[in-house]
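Numbered from 1 within each chain, the chains take letters A, B, ... in sequence-line order. Since we're looking at a predicted model, the values are computed, not measured.
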There are 2 protein chains.
Amino acid sequence: MRRDIFQAIADPTRRAIIALIAMQAMTPNAIAAHFDTTRQAVSKHLRILSECELIDQQQNGREIYYQLKIDKIKEIDQWLEPFRKLWEDRFENLDRYLANIQKNKN
Amino acid sequence: MRRDIFQAIADPTRRAIIALIAMQAMTPNAIAAHFDTTRQAVSKHLRILSECELIDQQQNGREIYYQLKIDKIKEIDQWLEPFRKLWEDRFENLDRYLANIQKNKN
DNA sequence: AATTTGCGAAACCGAAAAGTTGCGCATATA
DNA sequence: TATATGCGCAACTTTTCGGTTTCGCAAATT
């Protein structure tokens, strides 16, 4: 099983789950209620997210609350980092370009 | 075909291709030389990246140069935005917490 | 004690993905 | 003009994925 974070966020349902539990921990049933799918399907997604260490779980009686591990999301941000440099550079170039036009007009 | 950007970057080979052509445009053969796979496989990945509008192509004789469309990568950054708020908030809380400890010590 | 509820795990299924092979076309090169 | 090269496309195969169904277990509820 490959199971990395990029594969985890590839599925739209999983992204929705991530967004859902970002603010507060939720049980599988509560999560499933937000989607047009069964609890078992959600459970499977939660398992994948767990394997990627994107979520935490906390048992409370027979209920299990799942919660986002926000730090893990940072890994995507880190992957993005070098690319961000690229588009910031391009923005600066545009900036300079515009400044130049400004200077030379009239 | 689902074909969104998140699915596009889910594959490790495609992420490698993206990183490879970020700085300079490359032909399929040149790209394939960097991996342990055939040109056709790379071609397929390029096709997917094209469908997601993650890359550009420019024909030069019988060679086709593929190049990253850096702007599209921003979409991931945008998705990340609300989560970034979360971990920045947490950082600020930690900051306040530490400041508090500092204040109350001795 | 019997029943309901919340859950994970396993078995199964159809659809999609990733890679290979073979082809044809266009552009170079001999 | 004949041959080699760079490429995309289509057919095919194997693997993976997302979902459903079924099951068993533990914790609540009656």
Undergrad: When you measure from every atom of DNA chain C, which of residues 54-69 of chain B have a heavy atom less than 4.0 Å away?
TA: B:Gly61, B:Arg62
Undergrad: Round to a whole Å and report the spacing from CD of B:Glu51 to P of D:dC9.
TA: 10 Å
Undergrad: Got A:His45 and A:Thr13 here, is their nearest side-chain heavy-atom distance under 4.5 Å?
TA: yes
Undergrad: Show which side-chain atoms of residues 17-42 of chain B pair as donor or acceptor with protein atoms under 3.5 Å away, not counting sequence neighbours.
TA:
residue: B:Thr27; atom: OG1; partner: B:Ala30; partner atom: N; Å: 3.3
residue: B:His34; atom: ND1; partner: B:Ala30; partner atom: O; Å: 3.0
residue: B:Thr38; atom: OG1; partner: B:Ala41; partner atom: N; Å: 3.2

Undergrad: Got a second to check how far A:Ile55's CD1 is from A:Arg47's CZ, nearest 0.5 Å?
TA: 11.5 Å
Undergrad: So does A:Arg3 get a side-chain nitrogen or oxygen closer than 4.0 Å to the phosphate oxygens (OP1/OP2) of D:dC17?
TA: yes
Undergrad: Could you write out each protein N or O paired with an N or O of nucleotides 21-23 of chain D at a distance under 3.5 Å?
TA:
residue: D:dT22; atom: O4; partner: A:Gln40; partner atom: NE2; Å: 3.1

Undergrad: Under 4.0 Å from OP1 or OP2 of D:dG19: is there any side-chain N or O of A:His45 that close?
TA: yes
Undergrad: Quick one: which residue pairs count as a salt bridge (Lys or Arg N to Asp or Glu O under 4.0 Å) with a foot in residues 63-72 of chain B, not counting sequence neighbours?
TA: A:Arg90-B:Asp71, B:Glu53-B:Lys72, B:Asp71-B:Lys74, B:Lys72-B:Glu75
Undergrad: What is the distance from CE of A:Met26 to C1' of C:dG6, rounded to the nearest Å?
TA: 15 Å
Undergrad: Would you kindly give the CD1-to-C1' distance between A:Ile17 and D:dG19, to the nearest whole Å?
TA: 13 Å
Undergrad: Just jot down the salt bridge (Lys or Arg N to Asp or Glu O under 4.0 Å) partners of B:Arg84, sequence neighbours excluded, or say none.
TA: A:Asp77, B:Asp77, B:Glu81
Undergrad: Mind calculating the distance between CG (A:Leu46) and C1' (C:dG6) to the nearest angstrom?
TA: 13 Å
Undergrad: What is the distance, rounded to the nearest whole Å, between atom CD1 of A:Ile31 and atom C1' of C:dG8?
TA: 14 Å
Undergrad: As an exercise, state the distance from CD1 of A:Ile64 to OG of A:Ser43, rounded to the nearest 0.5 Å.
TA: 8.0 Å
Undergrad: At less than 4.0 Å, is any side-chain N or O atom of B:Arg47 found next to OP1 or OP2 of D:dC9? Yes or no.
TA: yes
Undergrad: Can you measure B:Ile48 atom CD1 to D:dC9 atom P for me and round it to whole angstrom units?
TA: 13 Å
Undergrad: Please determine if a side-chain N or O atom of B:Thr27 lies less than 4.0 Å away from the OP1 or OP2 oxygen of D:dC7.
TA: yes
Undergrad: Nearest whole Å is fine: how far is D:dC17 P from B:Phe6 CZ?
TA: 18 Å
Undergrad: Drop me the distance from A:Glu88's CD to B:Ile70's CD1, to the nearest 0.5 angstrom.
TA: 10.5 Å
Undergrad: Distance check needed: D:dC17 C1' versus B:Asp11 CG, whole Å only.
TA: 14 Å
Undergrad: It should be established whether B:Thr37 places a side-chain nitrogen or oxygen under 4.0 Å from OP1 or OP2 of nucleotide C:dA18.
TA: no
Undergrad: Can you find a donor-acceptor pair, distance only, under 3.5 Å between A:Lys44 side chain and C:dG8 base?
TA: no
Undergrad: Can you run down the ring-ring contact (aromatic ring centres under 6.0 Å, His included) pairs that involve residues 62-85 of chain A, sequence neighbours left out, and say none if there aren't any?
TA: A:Phe6-A:Trp79, A:Trp79-A:Phe83
Undergrad: Looking at CG of A:Leu86 and CD1 of B:Ile73, how far apart are the two atoms once the value is rounded to the nearest 0.5 Å?
TA: 9.0 Å
Undergrad: Can you tell whether the side chains of B:Asp4 and A:Arg15 come within less than 4.0 Å, N to carboxylate O?
TA: yes
Undergrad: Would you say a side-chain N or O of A:Asn29 is under 4.0 Å from OP1 or OP2 of C:dC7?
TA: yes
